[in-house]
Amino acid sequence: MTIPVGEVPVPAVVTRLAAGRVVSAVWNNEIGGLTFQIGHGDGREFVKVSPPHPSVDLHREAVKLGWAAQYLTVPVVLDVGRDGPVQWLHTAGINGRSAADPHWIARPRAAVRAIATGLRAMHDRMPADRCPFSWSVPHRLTALSEPARRRLPAAPPIDRLVVCHGDACAPNTLIDDDGSWCGHVDVGDLGIADRWADLAVATLSLRWNYEGDWEAEFFDAYGIAPDQARIDYYRALWDAED
Ligand SMILES: Nc1ncnc2c1ncn2[C@@H]1O[C@H](COP(=O)(O)OP(=O)(O)OP(=O)(O)O)[C@@H](O)[C@H]1O
Ligand SMILES: [Mg+2]
């Protein structure tokens, strides 16, 4: 999961959607998916393009973006489709830089606090009792192989059910120039779960993006004391899904 360097071939669907506007590759994910930016400034758009993969369903992500947009800032879906085996999702740009942008990598304290307050706002604002999507432990366990399931300990009791982001890694929070979180992207796994499912991964991901140990800063900004047993379980579940 990185910002691409060098020449990246532009898929035909992106050239078509760009209709002559400038295109740049902005993100490369771990399964070979790419995100392109079309244009610049306020009118910029994004196209996420993914090779076939069992855990990627960009139609499902488009549906979840439409639902989440009722409660907080997420990209507006312009279109979603398939080009042969390739899935693509075309969205309107939202303001702000990704928390993994070099600007924020150089300002880890502010970035970590923005990610934490953004996640807190998401958990507080989205109504779990009206959410049609699940990211529960039983739901996630069904996607694992039998040996992987057996290696996991028993799940801890639920602390608080919320609508979780599902991939609360640093790059998926967008931050304003003044250091406030201003949007979330990448909600394909959004669903109801214990808030520790997000908190465990959000804090784990900080060390992939920022130098130093920022977990205490994160928990302080979110407003919760670390719960090591739940953190350990949800990190083990996340790793088992790799
Ligand atoms: N509509 C948008 N507005 C602003 N930035 C966007 C938008 N869509 C995508 N981005 C940028 O592109 C990056 C990649 O998008 P996204 O996270 O959806 O892709 P992904 O390949 O699923 O990511 P991951 O590697 O986390 O799986 C985001 O981190 C964000 O910086
Ligand atoms: Mg992402």
Side-chain angles (χ1 to χ4, degrees), residues 1-5 8 10-11 13-14 17-18 21-69 72-81 86-105 111 114-115 118-119 122 135 164-177 180-191 197-198 201-210 238-239 241-242:
M1 297 138 66
T2 51
I3 298 170
V5 284
V8 176
V10 178
V13 62
V14 178
L17 294 169
R21 292 170 293 174
V22 63
V23 170
S24 50
V26 294
W27 193 252
N28 195 350
N29 70 23
E30 61 186 3
I31 56 151
L34 283 162
T35 300
F36 295 87
Q37 178 176 315
I38 297 174
H40 290 298
D42 286 350
R44 70 199 171 128
E45 297 169 3
F46 289 81
V47 189
K48 174 151 115 175
V49 181
S50 183
H53 189 273
S55 70
V56 176
D57 180 345
L58 296 184
H59 276 94
R60 180 187 60 189
E61 181 167 345
V63 171
K64 293 186 179 190
L65 283 169
W67 184 84
L72 78 177
T73 303
V74 294
V76 169
V77 177
L78 299 175
D79 205 356
V80 59
V86 171
Q87 305 179 55
W88 52 268
L89 173 65
H90 182 199
T91 57
I94 52 179
N95 286 332
R97 291 189 181 93
S98 158
D101 184 282
H103 176 89
W104 291 117
I105 298 297
I115 296 166
L119 191 62
M122 180 176 238
W135 195 47
C164 279
H165 180 283
D167 186 4
C169 302
N172 294 331
T173 299
L174 298 188
I175 307 177
D176 262 351
D177 283 348
S180 311
W181 70 275
C182 60
H184 291 95
V185 298
D186 207 0
V187 301
D189 286 320
L190 176 145
D198 265 352
V201 176
T203 47
L204 177 67
S205 96
L206 298 176
R207 61 181 86 149
W208 305 331
N209 293 103
Y210 307 108
W238 178 266
D239 287 342
E241 290 172 331
D242 258 358

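Whatever order the structure lists them in is the order used to number ligands and atoms, beginning at 1.
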>> Tell me the contacting part of Lys48 for ligand 1: side chain, backbone, both, or neither, using a 4.0 Å heavy-atom threshold, strictly below.
In response: side chain
> Going by the atom numbers of ligand 1, which of them fall below 4.0 Å from some non-hydrogen atom of Thr35?
Replying inline: 9 (C), 12 (O), 14 (C), 15 (O), 19 (O)
> Residues in side chain to side chain contact (heavy atoms under 4.5 Å, CB included) with Ile31, at least two apart?
Replying inline: Asn29, Ser50, His53, Val56
> Should the proximity of Leu174 to ligand 1, defined as any heavy atom under 4.0 Å, be assigned to the side chain, the backbone, both, or neither?
Replying inline: side chain
> Side chain, backbone, both or neither: which part of Ile94 has a heavy atom under 4.0 Å from ligand 1?
Replying inline: both
> N/O to N/O below 3.5 Å, does that happen between Asn29 and ligand 1?
Replying inline: yes
>> Under a 4.0 Å threshold between the charged nitrogen and the carboxylate oxygen, would Lys64 count as salt-bridged to Asp186?
In response: no
>> Going by the rule side chain to side chain contact (heavy atoms under 4.5 Å, CB included), which residues pair with Ala92 if we only count those two or more places apart in sequence or in a different chain?
In response: Val76, Leu78
> What part of Asp101, side chain from CB on, backbone N/CA/C/O, both or neither, has a heavy atom under 4.0 Å from ligand 1?
Replying inline: neither
>> Taking 4.0 angstrom as the limit and counting only heavy atoms of Pro75, give me the atoms of ligand 1 inside it, by number and element.
In response: 1 (N), 2 (C)
> Quick one: which ligand 1 atoms are inside 4.0 Å of a heavy atom on Pro171?
Replying inline: 29 (O)
> Should the proximity of Ser50 to ligand 1, defined as any heavy atom under 4.0 Å, be assigned to the side chain, the backbone, both, or neither?
Replying inline: neither
>> List the residues meeting ring pair (Phe, Tyr, Trp, His ring centres under 6.0 Å) with Trp104, not counting sequence neighbours, and say none if there are none.
In response: none
> Counting no waters, how many protein N/O/S atoms sit under 2.8 Å from the Mg ion (ligand 2)?
Replying inline: 2
>> Within the 4.0 Å heavy-atom shell around Asn172, which atoms of ligand 1 are there?
In response: 17 (O), 26 (O)
